[in-house]
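First comes the structure, then the notes that go with it.
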Amino acid sequence: QVQLVESGGGLVQAGGSLRLSCAASGRTFSNYVAGWFRQAPGKEREFVARIYWSGSSTYSTDSVKGRFTISRDNAKKTVYLQMNSLKPEDTAVYYCVASSRIALGPRAHLVSEWDYWGQGTQVTVSS
């Protein structure tokens, strides 16, 4: 069992930066693939990025490539999402997720592939 708690959301102007953190509980968190989704008002949840347990493999959706960076510290049981050059269209509730699957390729975009979800943290980018 894994529990996830996000923090670091807030209000920022376009072009600014935020770093989201996700604190995990559970002894085997280091075995899980971790990631982030987001959901804007009136839209479906959207995959943002994922990172494998070793931290050596990351993957992010095209709309955030070059701006967002996912990382993890297994000793601290924490996953991070560094968000730079933020745009108003990045406004959403951001969810930390974890999956017990060994690997996630293109299926990482599917909500059903992720076993655990945090409660979400709001990110608002003003123009």
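Residue indices begin at 1 and follow the sequence shown.
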(message) M83 and side-chain contact (heavy atoms from CB on, under 4.5 Å): which single residue from T69, V64, V123, V125 fits?
(response) V123

(request) Answer yes or no: does atom NZ of K76 have more than 12 heavy-atom neighbours from other residues, nucleotides or ligands under 6.0 Å? (result) no

(message) Please give me the minimum heavy-atom distance between Q39 and R45, naming the atom from each residue.
(response) OE1-NE, 3.1 Å

(request) Could you tell me which non-hydrogen atom of Q122 sits nearest to which non-hydrogen atom of A92, and how far apart they are? (result) NE2-O, 3.4 Å

(message) Can you tell me how far apart OG1 (T58) and CZ (R72) are? Round to the nearest 0.5 Å.
(response) 12.0 Å

(message) For R101, I'd like to know if atom CZ has over 12 heavy atoms of other residues, nucleotides or ligands within 6.0 Å.
(response) yes

(request) Each residue besides Y52 in its hydrophobic cluster should be listed here, by chain and number; the cluster joins Ile, Leu, Val, Met, Phe, Trp and Tyr at side-chain heavy-atom distances under 4.5 Å. (result) V33, F37, F47, Y59, V93, Y95, V97, L104, V111, W114, W117

(request) Answer with yes or no whether the hydrophobic clustering places V12 together with V48; edges join I, L, V, M, F, W, Y residues whose side-chain heavy atoms lie under 4.5 Å apart. (result) yes

(message) Using a strict threshold of under 4.0 Å (side-chain N to carboxylate O), is an ion pair present between D90 and K87?
(response) no

(request) Not counting sequence neighbours, which residues clear side-chain hydrogen bond (donor to acceptor under 3.5 Å, both in side chains) with N84? List them please. (result) S17, Q82

(message) How long is the straight-line distance from CD1 of I70 back to CZ of R50, given to the nearest 0.5 Å?
(response) 8.5 Å

(message) Under a 3.5 Å cutoff, is there a donor and acceptor pairing between the side chains of R38 and T91?
(response) no

(request) Establish, from distance only, whether the side-chain atoms of T78 and D73 form a donor-acceptor pair under 3.5 Å. (result) no

(request) Hey, could you give me the CD1/OG distance between I51 and S57, rounded to the nearest 0.5 Å? (result) 8.0 Å

(message) I'd like to know if the side chain of N74 and the backbone of W53 have a donor-acceptor N/O pair within less than 3.5 Å.
(response) yes

(request) Could you tell me whether the side chain of S99 and the main chain of E113 form a donor-acceptor pair under 3.5 Å? (result) yes

(message) Are Y94 and Y80 connected into the same hydrophobic cluster when the rule is that any two of I, L, V, M, F, W, Y join if their side-chain heavy atoms are below 4.5 Å apart?
(response) no

(request) Locate the shortest heavy-atom distance separating L20 from G9; write the atom from each residue and the value. (result) CD2-N, 3.6 Å

(message) How long is the straight-line distance from SG of C22 back to NZ of K77, given to the nearest 0.5 Å?
(response) 12.5 Å

(request) Please confirm whether the backbone N or O of G120 pairs with a side-chain atom of E6, one donor and one acceptor, at under 3.5 Å? (result) yes

(request) Specify the closest pair of heavy atoms between L4 and A24, including all atoms of both residues, with the distance to one decimal. (result) CD2-CB, 3.7 Å

(message) One pair to check against side-chain contact (heavy atoms from CB on, under 4.5 Å): S100 and Y32. What are the steps and the verdict?
(response) CA-CA 5 Å; S100 60; Y32 287 78; 3.7 Å; yes

(request) Using a 4.5 Å cut-off on heavy atoms from C-beta on, say whether the side chain of S63 contacts that of E46. (result) yes

(message) Measuring from atom CH2 of W36 to atom SG of C96, what distance do you get when rounded to the nearest 0.5 angstrom?
(response) 5.0 Å

(request) Taking all non-hydrogen atoms of both residues into account, name the closest pair between R67 and L86 and its distance. (result) NH1-CA, 3.9 Å

